[in-house]
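Report on the following structure.
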Amino acid sequence: MTVVPSARQARRPAEDPHDGPRRRVGPLAVLDGRLPGTHDLLLMQCPSSLHPLAGGELPDWARAVLRVHPWVTVGRAPSLVGAPADVPHPQRCTRSPEAAPEQWIPVTVRGPRPGQRLDALAPWAAVARTLRPEQLAGRCGRLDPERVAGIPALALLPAVGRIVADHRLSWGPIGAVGYELGTGVPVAGPLSPLRLVLRTPHPISRRDALQLRRALSRLPVPVQAELETRYGSVQLAEYAASPYTLTLLTPDGPREVRDPWFPRGPFV
């Protein structure tokens, strides 16, 4: 017997290679959900809507990368509202002139060569999906087991989770490891460090920070952890060392502060 699919089944889209729900994209999409934060991964619905911070058009390598893997990483810089005067309107991603002013997110495009990056602005209305670092550690099972076994920074994620759990902190991998976990693109290498963001909206003691740093330093892979406060981030190693002043990375630039949770001090 031949089964004829219903009209609803016929319209069902093919399986999403990036899996998971996508947000509604359109002029009003900026009104739902929170704005992305630093280190978040964004799946772009319309990669050609990105505008390089240096001006001009997207370079050929960035177009080629975004055509296959339309993921970008949110940078630590102020977001903008409206349309930058020196940025032309997208040619292939039109937008209603009656829509509310656009929210532009600072992002970075990862290139095919080591260290190749492009800083750009991405319109929030063209973002199809957001992945926070906290969502990435559990995605290790999606990668090939041989791939995970060959990359120490990936293989040690469960051990990192157990260490951080003792301190009751939300955390997630960032950098090359986070990008690979979120996108599936094999960018991490055998010598890649494991970069982490630790959510610390409330102060933690220097003693706890020192214990955490020592525990992470015993792992057979370089671990670079940063404490994310409401005002920016500071390196765990620097905070645990108890210096008189710390470098707090904020969207408006670095600041020398004594307390990253109650910062007072000039920009540097």
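As the structure is a prediction and not an experimental result, all values here were calculated from the model.
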For this session: Check P173 against P133 and note the closest heavy-atom contact, atom names and distance.
Result: CD-O, 3.5 Å

Exercise. Any side-chain heavy atom of R258 sitting closer than 4.5 Å to one from R264?
Worked result: no

Exercise. How about T108 and D119: does a side-chain donor come under 3.5 Å of a side-chain acceptor?
Worked result: yes

For this session: State whether the side chain of T229 and the backbone N or O of P260 hold a donor-acceptor pair below 3.5 Å, judged by distance alone.
Result: yes

Problem set entry | Partners passing salt bridge (Lys or Arg N to Asp or Glu O under 4.0 Å) against R117 (at least two apart in sequence or in another chain) | none

Problem set entry | Set of side chain to side chain contact (heavy atoms under 4.5 Å, CB included) partners for A122, sequence neighbours left out | M44, L50, V107

Problem set entry | pair H51-E57: side-chain heavy atoms closer than 4.5 Å | no

For this session: Output every pair passing ring-ring contact (aromatic ring centres under 6.0 Å, His included) with a member in residues 160-192, not counting sequence neighbours, ordered by first then second residue.
Result: none

Seminar exercise, completed: Separation between CD1 (I204) and CG (L169), nearest 0.5 Å, reads 6.0 Å

Problem set entry | Atom pair CH2/CZ of W71 and R110 - distance to nearest 0.5 Å | 13.5 Å

Problem set entry | Any side-chain donor near an acceptor of the partner, S170 and E134, under 3.5 Å | no

Exercise. Which pairs with one or both residues in residues 145-165 pass side chain to side chain donor-acceptor pair (under 3.5 Å), sequence neighbours excluded?
Worked result: R147-E180

Exercise. Can you list the residues that meet the salt bridge (Lys or Arg N to Asp or Glu O under 4.0 Å) rule with R76, with sequence neighbours excluded?
Worked result: E226, E228

Problem set entry | Set of side chain to side chain contact (heavy atoms under 4.5 Å, CB included) partners for R67, sequence neighbours left out | R63, A64

For this session: Applying ring-ring contact (aromatic ring centres under 6.0 Å, His included), name anything that partners Y239, two or more places apart in sequence or on another chain.
Result: W261

For this session: Supply the atom-to-atom distance L227 CG to T200 OG1, rounded to the nearest 0.5 angstrom.
Result: 4.5 Å

Problem set entry | Summary of side chain to side chain donor-acceptor pair (under 3.5 Å) pairs that have at least one residue in residues 202-211, sequence neighbours excluded | S205-D208

For this session: State whether the side chain of R139 and the backbone N or O of L181 hold a donor-acceptor pair below 3.5 Å, judged by distance alone.
Result: yes

Exercise. Taking only residues at least two apart or on different chains, which pairs with a member in residues 230-248 satisfy salt bridge (charged side-chain N to carboxylate O under 4.0 Å, His left out)?
Worked result: none

For this session: Return each pair, listed once, that meets salt bridge (charged side-chain N to carboxylate O under 4.0 Å, His left out) where at least one residue sits in residues 41-55; pairs must be two or more places apart or across chains.
Result: none

Exercise. Which other residues belong to the hydrophobic cluster containing Y244, where Ile, Leu, Val, Met, Phe, Trp and Tyr are joined when side-chain heavy atoms lie under 4.5 Å apart, directly or via other members?
Worked result: none

Seminar exercise, completed: To the nearest 0.5 Å, atom CG of L80 lies from atom CD1 of I105 at 9.0 Å

For this session: Would you mind reporting whether T38 and S233 have side-chain heavy atoms less than 4.5 Å apart?
Result: no

Problem set entry | More than 12 heavy atoms of other groups within 6.0 Å of D60 CG | no

Exercise. What residues, two or more places apart in sequence or in another chain, satisfy side chain to side chain contact (heavy atoms under 4.5 Å, CB included) together with P193?
Worked result: P222, Q224

For this session: Mind checking the OG1-CD spacing from T247 to Q235? Nearest 0.5 Å is all I need.
Result: 9.5 Å

